[in-house]
Participant: 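Take a look at this one; I'll ask things after.
As the structure is a prediction and not an experimental result, all values here were calculated from the model. Throughout, a chain's letter reflects where its sequence line sits, starting with A, and its residues are numbered from 1.
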Protein chains: 2
Amino acid sequence: MTSTDAGAARTARPTRQRRAVAECLRRFDDFRSAQEIHDLLRQGGDNVGLSTVYRTLQAMADADEVDVLRAEDGEARYRRCSDTHHHHLVCRGCGHTVEVEGPAVERWATKVAEEHGFAEVSHTLEIFGHCPDCA
Amino acid sequence: MTSTDAGAARTARPTRQRRAVAECLRRFDDFRSAQEIHDLLRQGGDNVGLSTVYRTLQAMADADEVDVLRAEDGEARYRRCSDTHHHHLVCRGCGHTVEVEGPAVERWATKVAEEHGFAEVSHTLEIFGHCPDCA
DNA sequence: GCACCTTTTGACAACGGTTCTCATTCCGGC
DNA sequence: GCCGGAATGAGAACCGTTGTCAAAAGGTGC
Ligand SMILES: [Zn+2]
Ligand SMILES: [Zn+2]
Ligand SMILES: [Zn+2]
Ligand SMILES: [Zn+2]
């Protein structure tokens, strides 16, 4: 067999547009919508099509390179993230976000699921409030 | 002054439509979308406008009479719920849902938020997996 | 039962975020 | 430089949700 199906490189060209989106995410520590990112890029002179922004963000989310959070109105918001499992403490006022970890919570979630016979368990957990600056 | 502004009855007439929606929710233990509920009502002979279904569900959500959960695609799904604070263990296959409580998790969330100086704290937490029937 | 007034309803249009389409452009390898 | 597949982007389509507003329904006092 040729080397083409050797699974390694799962097609992902480093184009100008993808670099721009990744770069833009790197500059913020809070969650942003696809359209906000599109606007920011445009303002910064980087013209990237809205479709491409959506596609890129989806791909990054699939690759666990960004976290996705649904706003109350259902809009998806993205944020660069570390590669270890974590959750978020998000300010309802300014959006300021802190990554938090809680081993005890992880164990609790797993235990509860097992007690009910659930398998392939995952979970979502976010904490909201007003940060010191917004209080 | 008349009794009209005596705050007590916060205007909520028990109409046929509202009863039908509430009754429909009572018949399921899993999360349903507004449109699913609309279809179910129609199939059951209860003709209720889609707008009314949306309005009623929103009102019930505001009154904490139903839980709202955003599906991965952003669609809102509703479920009747008990009146105490709780979270959910949801089957990704059939939607079967179990309400769960975890006092330790509640304390952890509050503590983490306080450590970062956050006030007016709330949180969301859901656990997903495959139930015994779907495994 | 009957006015009277307010709330509620529902068909339909409008909205907004997201996805799809497809002709064009880009990239990497030869 | 050429070729072929991947990527892009302008615009249309999609779809859940919300807004509009005239008509219908509840409640109240009579
Ligand atoms: Zn803040
Ligand atoms: Zn976790
Ligand atoms: Zn199941
Ligand atoms: Zn809780």
Participant: Just checking, is any N or O donor in the side chain of B:His96 or A:His116 under 3.5 Å from an acceptor N or O on the other one?
Facilitator: no
Participant: Who are the side chain to side chain contact (heavy atoms under 4.5 Å, CB included) partners of A:Ala71, not counting sequence neighbours?
Facilitator: A:Asp73, A:Glu75, A:Arg77
Participant: Can you find a side chain N or O atom of A:Gln17 that sits less than 4.0 Å from OP1 or OP2 on D:dA7?
Facilitator: no
Participant: In whole Å, I'd like the distance from the CZ atom of B:Arg18 to the P atom of D:dA24.
Facilitator: 19 Å
Participant: Work out how much the helix from C:dG1-D:dC30 to C:dC30-D:dG1 bends between its end axes, five pairs an end, to the nearest 10 degrees.
Facilitator: 30°
Participant: Could you tell me whether A:Arg79 and A:Glu99 make a salt bridge, using a distance below 4.0 angstrom between a side-chain N and a carboxylate O?
Facilitator: yes
Participant: With sequence neighbours excluded, tell me which residues meet side chain to side chain contact (heavy atoms under 4.5 Å, CB included) with B:Arg92.
Facilitator: A:Glu120, A:Ser122, B:Phe128, B:His130
Participant: Closest heavy-atom contact between A:Val66 and A:Leu25?
Facilitator: CG1-CD1, 3.5 Å
Participant: Rounded to the Å, how far apart are A:His38 NE2 and D:dG11 P?
Facilitator: 12 Å
Participant: Could you write nucleotides 17-30 of chain C as a row of B, S and -, 5' to 3', where a protein heavy atom under 4.0 Å of any base atom gives B, of only sugar-phosphate atoms gives S, and otherwise -?
Facilitator: SBBB-----BB---
Participant: Which residues pass the side chain to side chain contact (heavy atoms under 4.5 Å, CB included) test with A:Arg26, sequence neighbours left out?
Facilitator: A:Ala22, A:Glu23
Participant: Name all residues meeting the side chain to side chain contact (heavy atoms under 4.5 Å, CB included) criterion together with A:Leu50; count only those two or more places apart in sequence or in a different chain, and write none if there are none.
Facilitator: A:Gln35, A:His38, A:Tyr54
Participant: Is the distance from the ring center of B:His123 to that of B:His85 below 6.0 Å?
Facilitator: yes
